[in-house]
Number of protein chains: 2
Amino acid sequence: MRISQLSAASGVPIPTIKYYLREGLLPAGEQTAATRAEYGEPHLRRLRLIRALLEVGRLPVASIGQIIAAVEDEDTPVHEMLGTAHYALASPVDAGPDDREHQAALTRVDELIGDMGWSIAPEAPTRDELAQVLVRLDQLGMPAGDDGLRQYADLMMRLVSELEMHKIPFDGPRETAVESLVIGTVLYGRAFDVLRRLAQESESARILGGR
Amino acid sequence: MRISQLSAASGVPIPTIKYYLREGLLPAGEQTAATRAEYGEPHLRRLRLIRALLEVGRLPVASIGQIIAAVEDEDTPVHEMLGTAHYALASPVDAGPDDREHQAALTRVDELIGDMGWSIAPEAPTRDELAQVLVRLDQLGMPAGDDGLRQYADLMMRLVSELEMHKIPFDGPRETAVESLVIGTVLYGRAFDVLRRLAQESESARILGGR
DNA sequence: CGATCTGGATACCCTCACTATCCAGCCCGG
DNA sequence: CCGGGCTGGATAGTGAGGGTATCCAGATCG
(Lines give C-alpha, C1' and ligand atoms only; values in the text may rest on other atoms or scores of the structure.)
Protein backbone atom coordinates (compact mmCIF):
# COMPACT_ATOMS: atom_id res chain seq x y z
CA MET A 1 0.00 0.00 0.00
CA ARG A 2 1.42 3.40 -0.95
CA ILE A 3 0.69 6.59 0.90
CA SER A 4 -2.10 7.63 -1.44
CA GLN A 5 -3.90 4.37 -0.85
CA LEU A 6 -3.39 4.65 2.89
CA SER A 7 -4.89 8.10 2.65
CA ALA A 8 -7.87 6.90 0.63
CA ALA A 9 -8.50 3.94 2.95
CA SER A 10 -8.33 6.00 6.12
CA GLY A 11 -9.85 9.25 4.92
CA VAL A 12 -6.84 11.14 6.26
CA PRO A 13 -5.22 13.58 3.77
CA ILE A 14 -1.66 12.80 2.65
CA PRO A 15 -0.11 15.95 4.20
CA THR A 16 -1.67 15.00 7.50
CA ILE A 17 -0.23 11.48 7.29
CA LYS A 18 3.17 13.01 6.62
CA TYR A 19 2.67 15.20 9.68
CA TYR A 20 1.90 12.17 11.85
CA LEU A 21 5.01 10.45 10.49
CA ARG A 22 7.09 13.49 11.45
CA GLU A 23 5.56 13.56 14.93
CA GLY A 24 6.31 9.88 15.42
CA LEU A 25 2.66 8.89 15.79
CA LEU A 26 2.86 6.63 12.79
CA PRO A 27 5.86 4.35 12.13
CA ALA A 28 7.61 4.82 8.78
CA GLY A 29 6.63 2.52 5.96
CA GLU A 30 8.99 -0.12 4.64
CA GLN A 31 11.41 1.63 2.31
CA THR A 32 11.52 -0.06 -1.11
CA ALA A 33 13.55 2.66 -2.82
CA ALA A 34 14.87 6.13 -2.09
CA THR A 35 11.51 7.71 -2.79
CA ARG A 36 9.19 4.82 -2.19
CA ALA A 37 7.80 3.13 0.90
CA GLU A 38 5.19 0.48 1.52
CA TYR A 39 2.51 0.72 4.23
CA GLY A 40 0.37 -2.09 5.57
CA GLU A 41 -2.61 -3.00 7.69
CA PRO A 42 -0.92 -1.98 10.98
CA HIS A 43 -0.49 1.55 9.63
CA LEU A 44 -4.16 1.77 8.78
CA ARG A 45 -5.10 0.51 12.23
CA ARG A 46 -2.75 2.98 13.88
CA LEU A 47 -4.19 5.80 11.84
CA ARG A 48 -7.70 4.89 12.97
CA LEU A 49 -6.50 4.84 16.58
CA ILE A 50 -4.93 8.28 16.20
CA ARG A 51 -8.07 9.75 14.69
CA ALA A 52 -10.31 8.23 17.35
CA LEU A 53 -8.16 9.62 20.14
CA LEU A 54 -7.99 13.01 18.43
CA GLU A 55 -11.58 13.46 17.31
CA VAL A 56 -13.51 11.54 19.91
CA GLY A 57 -11.12 11.76 22.84
CA ARG A 58 -9.88 15.26 22.04
CA LEU A 59 -6.41 14.28 23.15
CA PRO A 60 -3.58 16.58 22.07
CA VAL A 61 -1.24 15.10 19.48
CA ALA A 62 1.61 15.22 22.01
CA SER A 63 -0.30 13.00 24.46
CA ILE A 64 -1.08 10.52 21.72
CA GLY A 65 2.65 10.51 21.01
CA GLN A 66 3.40 9.63 24.65
CA ILE A 67 0.93 6.78 24.60
CA ILE A 68 2.39 5.41 21.38
CA ALA A 69 5.93 5.75 22.67
CA ALA A 70 4.98 3.74 25.75
CA VAL A 71 3.46 1.04 23.58
CA GLU A 72 6.47 0.80 21.32
CA ASP A 73 9.14 0.69 24.01
CA GLU A 74 9.47 -3.06 24.56
CA ASP A 75 11.50 -2.59 27.74
CA THR A 76 8.69 -1.02 29.74
CA PRO A 77 6.85 -3.53 31.93
CA VAL A 78 3.18 -3.84 31.09
CA HIS A 79 1.74 -2.27 34.24
CA GLU A 80 4.04 0.72 33.87
CA MET A 81 3.09 1.11 30.24
CA LEU A 82 -0.56 1.09 31.17
CA GLY A 83 0.17 3.76 33.75
CA THR A 84 1.91 5.98 31.21
CA ALA A 85 -0.95 5.58 28.78
CA HIS A 86 -3.47 6.25 31.49
CA TYR A 87 -1.76 9.39 32.71
CA ALA A 88 -1.49 10.76 29.20
CA LEU A 89 -5.28 10.68 29.13
CA ALA A 90 -5.48 13.09 32.05
CA SER A 91 -5.81 16.80 31.39
CA PRO A 92 -3.28 18.95 33.21
CA VAL A 93 -4.41 20.97 36.21
CA ASP A 94 -2.49 24.09 37.11
CA ALA A 95 -2.71 24.26 40.87
CA GLY A 96 0.52 24.34 42.80
CA PRO A 97 1.12 23.22 46.39
CA ASP A 98 0.45 26.81 47.46
CA ASP A 99 -3.23 26.53 46.56
CA ARG A 100 -4.91 25.87 49.89
CA GLU A 101 -8.32 25.04 48.47
CA HIS A 102 -6.78 22.52 46.12
CA GLN A 103 -4.80 20.85 48.87
CA ALA A 104 -7.90 20.53 51.04
CA ALA A 105 -9.81 18.96 48.17
CA LEU A 106 -6.89 16.61 47.52
CA THR A 107 -7.20 15.39 51.10
CA ARG A 108 -10.87 14.58 50.49
CA VAL A 109 -9.90 12.73 47.31
CA ASP A 110 -7.34 10.65 49.18
CA GLU A 111 -9.88 9.83 51.88
CA LEU A 112 -12.25 8.65 49.19
CA ILE A 113 -9.53 6.53 47.61
CA GLY A 114 -8.72 5.03 51.02
CA ASP A 115 -12.36 4.31 51.83
CA MET A 116 -12.88 2.62 48.46
CA GLY A 117 -9.82 0.47 49.04
CA TRP A 118 -8.35 1.59 45.73
CA SER A 119 -4.67 1.32 44.86
CA ILE A 120 -3.75 4.58 43.20
CA ALA A 121 -0.19 5.79 42.68
CA PRO A 122 0.46 8.93 44.76
CA GLU A 123 1.69 10.76 41.66
CA ALA A 124 -1.46 10.02 39.65
CA PRO A 125 -2.61 13.27 37.98
CA THR A 126 -6.14 11.91 38.20
CA ARG A 127 -6.18 12.87 41.89
CA ASP A 128 -5.61 16.51 40.99
CA GLU A 129 -8.27 16.39 38.32
CA LEU A 130 -10.88 15.21 40.80
CA ALA A 131 -9.71 17.74 43.40
CA GLN A 132 -10.10 20.51 40.83
CA VAL A 133 -13.69 19.51 40.14
CA LEU A 134 -14.47 19.50 43.86
CA VAL A 135 -13.00 22.98 44.26
CA ARG A 136 -15.04 24.35 41.37
CA LEU A 137 -18.25 22.78 42.64
CA ASP A 138 -17.65 24.42 46.02
CA GLN A 139 -16.99 27.79 44.44
CA LEU A 140 -20.17 27.54 42.40
CA GLY A 141 -22.27 26.80 45.44
CA MET A 142 -23.06 23.20 44.49
CA PRO A 143 -20.67 21.30 46.75
CA ALA A 144 -20.44 17.54 46.29
CA GLY A 145 -21.16 15.77 49.55
CA ASP A 146 -19.00 12.88 50.68
CA ASP A 147 -21.98 10.56 50.55
CA GLY A 148 -22.84 11.37 46.97
CA LEU A 149 -19.22 11.05 45.97
CA ARG A 150 -19.03 7.60 47.52
CA GLN A 151 -22.21 6.50 45.77
CA TYR A 152 -20.81 7.62 42.45
CA ALA A 153 -17.46 5.98 43.12
CA ASP A 154 -19.19 2.77 44.04
CA LEU A 155 -21.19 2.81 40.84
CA MET A 156 -18.10 3.41 38.74
CA MET A 157 -16.22 0.69 40.52
CA ARG A 158 -18.87 -1.87 39.75
CA LEU A 159 -19.20 -0.66 36.20
CA VAL A 160 -15.49 -0.88 35.57
CA SER A 161 -14.84 -4.21 37.25
CA GLU A 162 -17.99 -5.98 36.12
CA LEU A 163 -18.54 -4.67 32.63
CA GLU A 164 -15.30 -3.25 31.31
CA MET A 165 -12.11 -4.60 32.73
CA HIS A 166 -12.64 -8.23 31.85
CA LYS A 167 -12.78 -7.31 28.19
CA ILE A 168 -9.15 -6.28 28.18
CA PRO A 169 -6.76 -9.03 27.06
CA PHE A 170 -4.03 -8.53 29.66
CA ASP A 171 -2.46 -11.85 28.73
CA GLY A 172 -2.27 -11.14 25.01
CA PRO A 173 0.45 -9.19 23.20
CA ARG A 174 1.39 -5.98 25.01
CA GLU A 175 0.31 -3.73 22.20
CA THR A 176 -3.19 -5.18 22.23
CA ALA A 177 -3.56 -4.66 25.98
CA VAL A 178 -2.75 -0.95 25.91
CA GLU A 179 -4.74 -0.32 22.80
CA SER A 180 -7.77 -1.95 24.38
CA LEU A 181 -7.28 -0.04 27.58
CA VAL A 182 -6.90 3.28 25.83
CA ILE A 183 -9.76 2.69 23.44
CA GLY A 184 -11.90 1.50 26.33
CA THR A 185 -11.04 4.47 28.48
CA VAL A 186 -11.48 7.12 25.83
CA LEU A 187 -14.28 5.84 23.64
CA TYR A 188 -16.39 4.21 26.31
CA GLY A 189 -15.76 7.26 28.44
CA ARG A 190 -17.35 9.41 25.80
CA ALA A 191 -20.14 6.92 25.27
CA PHE A 192 -21.05 7.22 28.95
CA ASP A 193 -20.96 10.93 28.81
CA VAL A 194 -23.26 11.03 25.82
CA LEU A 195 -25.66 8.49 27.28
CA ARG A 196 -25.78 10.56 30.44
CA ARG A 197 -26.66 13.69 28.49
CA LEU A 198 -29.35 11.81 26.57
CA ALA A 199 -30.83 10.57 29.85
CA GLN A 200 -30.74 14.13 31.18
CA GLU A 201 -32.50 15.54 28.16
CA SER A 202 -35.20 12.93 28.38
CA GLU A 203 -35.69 13.46 32.11
CA SER A 204 -35.87 17.21 31.89
CA ALA A 205 -38.38 16.94 29.04
CA ARG A 206 -40.45 14.62 31.23
CA ILE A 207 -40.28 16.92 34.25
CA LEU A 208 -40.98 20.14 32.37
CA GLY A 209 -43.52 18.56 30.05
CA GLY A 210 -41.68 20.26 27.21
CA ARG A 211 -41.69 18.45 23.94
CA MET B 1 -16.17 46.37 43.28
CA ARG B 2 -13.89 47.71 40.58
CA ILE B 3 -12.36 45.62 37.85
CA SER B 4 -9.08 45.17 39.67
CA GLN B 5 -10.87 43.79 42.70
CA LEU B 6 -12.97 41.52 40.51
CA SER B 7 -9.76 40.30 38.99
CA ALA B 8 -8.14 39.70 42.37
CA ALA B 9 -11.21 37.92 43.75
CA SER B 10 -11.60 35.64 40.76
CA GLY B 11 -7.97 35.07 39.83
CA VAL B 12 -8.75 36.09 36.24
CA PRO B 13 -6.38 38.74 34.77
CA ILE B 14 -7.90 42.11 33.90
CA PRO B 15 -7.28 41.86 30.14
CA THR B 16 -9.07 38.52 30.16
CA ILE B 17 -12.04 40.02 31.98
CA LYS B 18 -12.15 42.75 29.34
CA TYR B 19 -12.06 40.04 26.68
CA TYR B 20 -15.05 38.27 28.26
CA LEU B 21 -16.89 41.59 28.39
CA ARG B 22 -16.21 42.10 24.68
CA GLU B 23 -17.42 38.58 23.90
CA GLY B 24 -20.61 39.13 25.86
CA LEU B 25 -19.88 36.39 28.38
CA LEU B 26 -19.90 38.85 31.23
CA PRO B 27 -22.47 41.67 31.52
CA ALA B 28 -21.04 45.20 31.75
CA GLY B 29 -20.67 46.68 35.20
CA GLU B 30 -22.86 49.53 36.37
CA GLN B 31 -21.43 52.73 34.90
CA THR B 32 -20.80 55.32 37.58
CA ALA B 33 -18.83 57.71 35.37
CA ALA B 34 -17.37 57.83 31.89
CA THR B 35 -14.38 55.78 32.94
CA ARG B 36 -15.71 53.99 35.95
CA ALA B 37 -17.98 51.00 36.47
CA GLU B 38 -19.01 48.96 39.45
CA TYR B 39 -19.13 45.15 39.48
CA GLY B 40 -20.88 42.97 42.02
CA GLU B 41 -21.35 39.47 43.33
CA PRO B 42 -23.22 38.27 40.20
CA HIS B 43 -20.20 39.20 38.08
CA LEU B 44 -17.92 37.17 40.31
CA ARG B 45 -20.28 34.23 40.15
CA ARG B 46 -20.54 34.48 36.39
CA LEU B 47 -16.78 34.60 36.09
CA ARG B 48 -16.47 31.44 38.14
CA LEU B 49 -19.04 29.76 35.91
CA ILE B 50 -17.12 30.78 32.79
CA ARG B 51 -13.83 29.48 34.14
CA ALA B 52 -15.37 26.21 35.27
CA LEU B 53 -16.92 25.61 31.85
CA LEU B 54 -13.67 26.59 30.12
CA GLU B 55 -11.11 24.81 32.27
CA VAL B 56 -13.02 21.83 33.54
CA GLY B 57 -15.55 21.44 30.76
CA ARG B 58 -13.23 22.51 27.95
CA LEU B 59 -16.10 24.27 26.24
CA PRO B 60 -15.18 26.80 23.56
CA VAL B 61 -15.84 30.42 24.49
CA ALA B 62 -18.43 30.62 21.71
CA SER B 63 -20.49 27.79 23.22
CA ILE B 64 -20.36 29.41 26.62
CA GLY B 65 -21.65 32.53 24.91
CA GLN B 66 -24.62 30.60 23.49
CA ILE B 67 -25.48 29.18 26.89
CA ILE B 68 -25.31 32.61 28.49
CA ALA B 69 -27.38 34.17 25.73
CA ALA B 70 -30.08 31.54 26.30
CA VAL B 71 -30.08 32.29 30.01
CA GLU B 72 -30.34 36.01 29.55
CA ASP B 73 -33.12 36.02 26.97
CA GLU B 74 -36.18 36.22 29.20
CA ASP B 75 -38.53 35.37 26.33
CA THR B 76 -37.28 31.85 25.85
CA PRO B 77 -39.41 29.26 27.63
CA VAL B 78 -37.52 27.27 30.23
CA HIS B 79 -37.51 23.91 28.50
CA GLU B 80 -36.25 25.48 25.29
CA MET B 81 -33.55 27.33 27.17
CA LEU B 82 -32.45 24.09 28.78
CA GLY B 83 -32.30 22.51 25.32
CA THR B 84 -30.13 25.29 23.95
CA ALA B 85 -27.78 25.03 26.87
CA HIS B 86 -27.67 21.28 26.56
CA TYR B 87 -26.90 21.31 22.86
CA ALA B 88 -24.12 23.82 23.35
CA LEU B 89 -22.45 21.22 25.50
CA ALA B 90 -22.25 18.78 22.61
CA SER B 91 -19.14 18.64 20.48
CA PRO B 92 -19.74 18.91 16.76
CA VAL B 93 -19.47 15.80 14.60
CA ASP B 94 -18.63 16.20 10.94
CA ALA B 95 -20.47 13.38 9.23
CA GLY B 96 -22.94 14.30 6.54
CA PRO B 97 -25.95 12.31 5.36
CA ASP B 98 -23.71 10.71 2.72
CA ASP B 99 -21.77 8.79 5.37
CA ARG B 100 -23.30 5.33 5.22
CA GLU B 101 -21.57 4.03 8.36
CA HIS B 102 -22.77 7.01 10.33
CA GLN B 103 -26.35 6.63 9.17
CA ALA B 104 -26.36 2.97 10.14
CA ALA B 105 -25.03 3.81 13.59
CA LEU B 106 -27.65 6.54 13.91
CA THR B 107 -30.32 3.93 13.34
CA ARG B 108 -28.91 1.87 16.19
CA VAL B 109 -28.91 4.97 18.40
CA ASP B 110 -32.55 5.66 17.61
CA GLU B 111 -33.46 2.08 18.38
CA LEU B 112 -31.75 2.41 21.72
CA ILE B 113 -33.59 5.65 22.44
CA GLY B 114 -36.87 3.97 21.50
CA ASP B 115 -36.20 0.92 23.65
CA MET B 116 -35.32 3.08 26.63
CA GLY B 117 -38.52 5.04 26.21
CA TRP B 118 -36.57 8.27 26.08
CA SER B 119 -37.94 11.52 24.64
CA ILE B 120 -35.15 13.01 22.61
CA ALA B 121 -35.62 15.76 20.04
CA PRO B 122 -34.83 14.45 16.53
CA GLU B 123 -32.38 17.30 15.97
CA ALA B 124 -30.39 16.57 19.12
CA PRO B 125 -26.68 16.61 18.22
CA THR B 126 -26.15 14.11 21.01
CA ARG B 127 -27.49 11.40 18.71
CA ASP B 128 -24.70 12.07 16.23
CA GLU B 129 -22.13 12.08 18.97
CA LEU B 130 -23.13 8.62 20.12
CA ALA B 131 -23.30 7.36 16.53
CA GLN B 132 -19.77 8.60 15.95
CA VAL B 133 -18.48 6.68 18.95
CA LEU B 134 -20.18 3.50 17.71
CA VAL B 135 -18.62 3.90 14.27
CA ARG B 136 -15.14 4.37 15.72
CA LEU B 137 -15.49 1.37 18.04
CA ASP B 138 -16.47 -0.75 15.04
CA GLN B 139 -13.52 0.49 13.00
CA LEU B 140 -11.15 -0.28 15.85
CA GLY B 141 -12.39 -3.83 16.16
CA MET B 142 -14.05 -3.35 19.55
CA PRO B 143 -17.71 -3.09 18.57
CA ALA B 144 -20.19 -2.20 21.30
CA GLY B 145 -22.92 -4.84 21.47
CA ASP B 146 -26.55 -3.83 21.80
CA ASP B 147 -26.77 -5.62 25.13
CA GLY B 148 -23.85 -3.76 26.65
CA LEU B 149 -25.17 -0.48 25.32
CA ARG B 150 -28.53 -1.09 26.96
CA GLN B 151 -26.90 -1.99 30.24
CA TYR B 152 -24.92 1.24 30.17
CA ALA B 153 -27.96 3.27 29.20
CA ASP B 154 -29.94 1.73 32.00
CA LEU B 155 -27.24 2.57 34.50
CA MET B 156 -27.04 6.18 33.32
CA MET B 157 -30.80 6.51 33.41
CA ARG B 158 -30.96 5.45 37.01
CA LEU B 159 -28.03 7.60 37.93
CA VAL B 160 -29.52 10.67 36.33
CA SER B 161 -33.06 10.28 37.56
CA GLU B 162 -32.27 9.02 41.05
CA LEU B 163 -29.18 10.95 41.99
CA GLU B 164 -28.90 14.02 39.81
CA MET B 165 -32.07 15.42 38.38
CA HIS B 166 -33.88 16.03 41.62
CA LYS B 167 -31.13 18.40 42.70
CA ILE B 168 -32.06 20.87 39.99
CA PRO B 169 -34.45 23.61 41.13
CA PHE B 170 -36.77 23.65 38.12
CA ASP B 171 -39.28 25.74 40.01
CA GLY B 172 -36.80 28.41 41.10
CA PRO B 173 -35.67 31.42 39.03
CA ARG B 174 -34.86 30.48 35.43
CA GLU B 175 -31.24 31.48 35.72
CA THR B 176 -30.69 29.14 38.65
CA ALA B 177 -32.23 26.20 36.80
CA VAL B 178 -29.95 26.44 33.75
CA GLU B 179 -26.90 27.16 35.81
CA SER B 180 -27.56 24.09 37.91
CA LEU B 181 -28.20 21.98 34.84
CA VAL B 182 -25.08 23.15 33.08
CA ILE B 183 -22.87 22.87 36.13
CA GLY B 184 -24.33 19.47 36.86
CA THR B 185 -23.84 18.25 33.32
CA VAL B 186 -20.32 19.53 32.88
CA LEU B 187 -18.74 19.25 36.31
CA TYR B 188 -20.41 16.03 37.42
CA GLY B 189 -19.72 14.67 33.96
CA ARG B 190 -16.04 15.21 34.50
CA ALA B 191 -16.25 13.87 38.04
CA PHE B 192 -17.65 10.61 36.66
CA ASP B 193 -15.00 10.40 34.05
CA VAL B 194 -12.25 10.89 36.59
CA LEU B 195 -13.78 8.42 39.05
CA ARG B 196 -13.99 5.91 36.25
CA ARG B 197 -10.32 6.34 35.40
CA LEU B 198 -9.39 5.99 39.06
CA ALA B 199 -11.39 2.77 39.28
CA GLN B 200 -9.66 1.53 36.14
CA GLU B 201 -6.22 2.28 37.47
CA SER B 202 -6.96 0.50 40.69
CA GLU B 203 -8.42 -2.52 38.92
CA SER B 204 -5.57 -2.86 36.47
CA ALA B 205 -3.07 -2.58 39.34
CA ARG B 206 -4.95 -5.36 41.11
CA ILE B 207 -5.07 -7.60 38.05
CA LEU B 208 -1.47 -7.08 37.03
CA GLY B 209 -0.14 -7.12 40.56
CA GLY B 210 1.71 -3.92 39.73
CA ARG B 211 2.25 -1.58 42.61
C1' DC C 1 -1.90 68.11 41.63
C1' DG C 2 0.28 64.20 40.20
C1' DA C 3 0.41 59.01 40.39
C1' DT C 4 -2.63 55.44 39.60
C1' DC C 5 -6.61 53.29 37.91
C1' DT C 6 -10.51 52.79 34.61
C1' DG C 7 -13.18 51.57 30.33
C1' DG C 8 -12.81 51.23 25.57
C1' DA C 9 -10.49 50.37 21.23
C1' DT C 10 -7.06 48.23 18.51
C1' DA C 11 -3.33 45.37 17.56
C1' DC C 12 -0.62 41.79 18.62
C1' DC C 13 0.90 36.94 20.23
C1' DC C 14 1.18 31.99 21.07
C1' DT C 15 -0.22 27.25 20.57
C1' DC C 16 -2.05 23.68 17.97
C1' DA C 17 -3.13 20.90 14.17
C1' DC C 18 -2.67 21.02 10.05
C1' DT C 19 -1.62 22.46 4.80
C1' DA C 20 1.10 24.11 1.01
C1' DT C 21 5.14 24.27 -1.63
C1' DC C 22 9.52 22.56 -3.33
C1' DC C 23 12.48 19.28 -4.71
C1' DA C 24 14.73 15.39 -6.83
C1' DG C 25 14.09 10.46 -7.41
C1' DC C 26 11.38 6.77 -9.16
C1' DC C 27 7.98 3.96 -11.87
C1' DC C 28 4.91 2.92 -15.63
C1' DG C 29 2.63 3.43 -20.16
C1' DG C 30 3.40 4.25 -24.65
C1' DC D 1 13.64 5.32 -23.30
C1' DC D 2 11.07 9.30 -22.07
C1' DG D 3 7.74 12.17 -19.88
C1' DG D 4 3.84 12.77 -16.57
C1' DG D 5 2.55 11.85 -12.22
C1' DC D 6 3.44 10.00 -7.74
C1' DT D 7 6.78 9.58 -3.71
C1' DG D 8 9.47 10.82 0.62
C1' DG D 9 11.61 14.46 2.89
C1' DA D 10 12.25 19.27 4.18
C1' DT D 11 10.65 23.85 5.09
C1' DA D 12 7.34 27.33 5.44
C1' DG D 13 2.71 29.08 5.91
C1' DT D 14 -2.21 29.07 7.65
C1' DG D 15 -6.39 29.72 10.48
C1' DA D 16 -8.88 29.18 14.65
C1' DG D 17 -8.93 29.89 19.42
C1' DG D 18 -7.94 32.23 23.62
C1' DG D 19 -6.01 35.38 25.28
C1' DT D 20 -2.25 39.86 25.99
C1' DA D 21 -0.27 44.32 25.22
C1' DT D 22 -0.54 48.99 24.25
C1' DC D 23 -2.73 53.44 23.99
C1' DC D 24 -5.70 56.77 25.31
C1' DA D 25 -8.31 60.33 27.80
C1' DG D 26 -11.03 60.85 31.79
C1' DA D 27 -11.55 59.97 37.14
C1' DT D 28 -10.04 59.51 41.57
C1' DC D 29 -7.19 59.14 45.76
C1' DG D 30 -3.66 60.83 48.89
Side-chain angles (χ1 to χ4, degrees), chain A residues 1-40 43 46-68 88 91-94, chain B residues 1-40 43-44 46-68 88-89 91-94:
Chain A
M1 192 157 43
R2 280 162 303 182
I3 200 172
S4 59
Q5 295 171 281
L6 185 61
S7 167
S10 63
V12 178
I14 293 179
T16 305
I17 294 178
K18 287 183 173 184
Y19 167 63
Y20 294 156
L21 286 166
R22 283 201 300 280
E23 296 295 310
L25 301 192
L26 195 61
E30 196 192 344
Q31 289 278 134
T32 61
T35 66
R36 199 121 305 205
E38 187 71 14
Y39 302 89
H43 293 92
R46 170 65 60 83
L47 218 34
R48 285 206 261 252
L49 176 65
I50 294 170
R51 298 302 277 198
L53 296 184
L54 261 182
E55 294 176 3
V56 180
R58 260 137 241 278
L59 292 191
V61 167
S63 301
I64 299 177
Q66 283 175 33
I67 293 174
I68 284 170
S91 46
V93 173
D94 62 340
Chain B
M1 191 158 42
R2 280 160 304 180
I3 200 171
S4 58
Q5 295 171 281
L6 185 61
S7 168
S10 63
V12 179
I14 293 179
T16 305
I17 294 179
K18 289 184 173 184
Y19 167 63
Y20 294 156
L21 286 166
R22 283 201 302 280
E23 296 296 310
L25 301 193
L26 195 62
E30 193 192 345
Q31 289 278 134
T32 60
T35 66
R36 200 118 306 202
E38 187 71 14
Y39 302 89
H43 293 91
L44 186 53
R46 170 64 61 83
L47 217 35
R48 285 206 261 253
L49 176 64
I50 294 170
R51 297 302 277 198
L53 296 185
L54 261 181
E55 295 176 2
V56 180
R58 262 137 241 281
L59 293 191
V61 167
S63 301
I64 299 178
Q66 283 175 34
I67 293 174
I68 284 171
L89 300 176
S91 44
V93 172
D94 61 340

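Each chain gets a letter, A, B and so on, in the order its sequence line appears, and its residues count up from 1.
In this structure, the separation between OH on A:Tyr20 and CG on A:Leu26 is 9.5 Å, given to the nearest 0.5 Å. Distance OG1/B:Thr16 to CG/B:Leu54: 10.0 Å, rounded to 0.5 Å.
Rounding to whole angstrom units, CD1 of residue A:Ile3 and P of D:dA10 are separated by 13 Å. The separation between A:His43 atom NE2 and D:dG8 atom P is 11 Å, rounded to whole Å. One atom, CD1 of B:Ile50, and another, C1' of D:dG19, lie 14 Å apart when rounded to the nearest Å. The distance between atom CD of B:Glu55 and atom C1' of D:dG17, rounded to the nearest whole Å, is 15 Å. If you measure from atom OH of B:Tyr39 to atom C1' of C:dC5, you get 12 Å, rounded to the nearest angstrom. Between the CG atom of B:Leu47 and the C1' atom of D:dG19 there is a distance of 14 Å, given to the nearest Å. At whole-Å resolution of the value, CD in A:Glu38 and C1' in D:dC6 are 14 Å apart.
For B:Ala34, counting side-chain heavy atoms from C-beta on, the closest listed nucleotide (D:dG26, D:dG8, C:dG7) is D:dG26. For B:Ser4, whose side chain is taken as the heavy atoms from C-beta onward, the closest listed nucleotide among C:dG7, C:dC5, C:dC18 is C:dC5. In the set D:dT7, D:dT28, D:dG19, D:dT28 carries the atom at the smallest distance from any side-chain atom of B:Arg36.
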As a quick check of understanding, evaluate side chain to side chain contact (heavy atoms under 4.5 Å, CB included) for A:Arg51 and A:Ser10, giving each step before the final call.
CA-CA 9 Å; A:Arg51 298 302 277 198; A:Ser10 63; over 6 Å; no
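Between B:Gln31 and A:Ala62, the one whose closest nucleotide on DNA chain C sits nearer the 5' end is B:Gln31. The residue among B:Thr32 and B:Arg58 whose nearest nucleotide of DNA chain D is located toward the 5' end is B:Arg58.
Under the 4.5 Å side-chain criterion, counting only non-hydrogen atoms from C-beta, A:Val61 is not in contact with A:Ile50. Residues A:Tyr39 and A:Ile17 fail the side-chain proximity criterion, which asks for heavy atoms closer than 4.5 Å. Side-chain contact between B:Ile64 and B:Glu23: absent, with no pair of heavy atoms (C-beta onward) separated by less than 4.5 Å. Annotation: side chain of B:Arg2 is not in contact with side chain of B:Thr32 (no heavy-atom distance under 4.5 Å).
The side chain of B:Thr35 contributes no N or O atom lying less than 4.0 Å from OP1 or OP2 of C:dC5.
Listed in residue order, the members of residues 14-30 of chain B having a heavy atom less than 4.0 Å from DNA chain D are B:Pro15, B:Thr16, B:Tyr19, B:Tyr20, B:Arg22.
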